[in-house]
Undergrad: 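Submitted below is the structure of interest, expressed as structure tokens.
A quick note: this is a predicted structure, and the numbers were derived from the prediction, not measured. All heavy atoms count here, side chains included; hydrogens, waters and symmetry mates do not.
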Amino acid sequence: MDVGVSGRKRLQLVAAVLYATVVGVGIVWALGKSAATTPVIMIALGAPLILRLVPRNYLYGMRVPRTLWTTEETWYRQNTITGVAMVLIGVVWLAVLAVR
């Protein structure tokens, strides 16, 4: 059964949103109200953006007119940058927590 491009992107979006939900809830459940909860969630949600796994959508990713209404490449490039920033901030945050 061949899934068209539109169907594949829809499937990618469902998988990305499901991943974000499961990871967010799982981390909050595992870490509770720990100081490490937010940076770990930032790292976990930034990774799919870096890997270009999240298609253009209105739910998850860097959603501004420039990314939503221009080319797919603009969406992926900006979300890769956003994902790298999220992961780096999360790692630095965890390092600061470890040193404290």
Undergrad: For Arg63, enumerate each residue passing the salt bridge (charged side-chain N to carboxylate O under 4.0 Å, His left out) test, keeping only those at least two apart in sequence or located in another chain.
TA: none
Undergrad: Going hydrophobic residue to hydrophobic residue with side-chain gaps under 4.5 angstrom, can you get from Val84 over to Ile81?
TA: no
Undergrad: What residues form a side chain to side chain contact (heavy atoms under 4.5 Å, CB included) with Arg66, not counting sequence neighbours?
TA: Val64, Thr74, Arg77, Gln78
Undergrad: For residues Leu49 and Val87: do they belong to one hydrophobic cluster (side chain heavy atoms under 4.5 Å, members Ile, Leu, Val, Met, Phe, Trp, Tyr)?
TA: yes
Undergrad: Kindly indicate, with the supporting measurements, whether the criterion side-chain contact (heavy atoms from CB on, under 4.5 Å) is fulfilled by Met86 and Leu45.
TA: CA-CA 8 Å; Met86 289 174 68; Leu45 295 181; 3.9 Å; yes
Undergrad: Which donor-acceptor pairs under 3.5 Å do the side chains of residues 91-100 make with protein atoms, sequence neighbours left out?
TA:
none

Undergrad: Enumerate the residue pairs fulfilling salt bridge (Lys or Arg N to Asp or Glu O under 4.0 Å) with a member in residues 44-61, sequence neighbours excluded, ordered by first and then second residue.
TA: Arg52-Glu73, Arg56-Glu72
Undergrad: Linking directly or through intermediates, with side-chain heavy atoms under 4.5 Å: list the remaining ILVMFWY members grouped with Leu53, chain and number order.
TA: Leu51
Undergrad: What donor-acceptor contacts under 3.5 angstrom involve side-chain atoms of residues 20-36, with partners at least two apart or in another chain?
TA:
unit_1: Thr21; atom_1: OG1; unit_2: Val17; atom_2: O; d: 2.9
unit_1: Ser34; atom_1: OG; unit_2: Ala36; atom_2: N; d: 3.1

Undergrad: Any chain of hydrophobic side-chain contacts (each under 4.5 Å) joining Met62 to Tyr19?
TA: no
Undergrad: How long is the span from the CG atom in Asn79 to the CG atom in Asn57, to the nearest 0.5 Å?
TA: 8.0 Å
Undergrad: Is it true that Val14 and Leu59 fall in one hydrophobic cluster, defined by side-chain heavy atoms closer than 4.5 Å?
TA: no
Undergrad: Minimum heavy-atom separation for Pro39 and Gly90, please, with both atom names.
TA: CB-O, 3.5 Å
Undergrad: May I ask you to decide if Leu13's main-chain N or O and Tyr60's side chain share a donor-acceptor pair within less than 3.5 Å?
TA: no
Undergrad: For Tyr76 versus Val54, what's the shortest heavy-atom pair and its separation?
TA: CE2-O, 3.3 Å
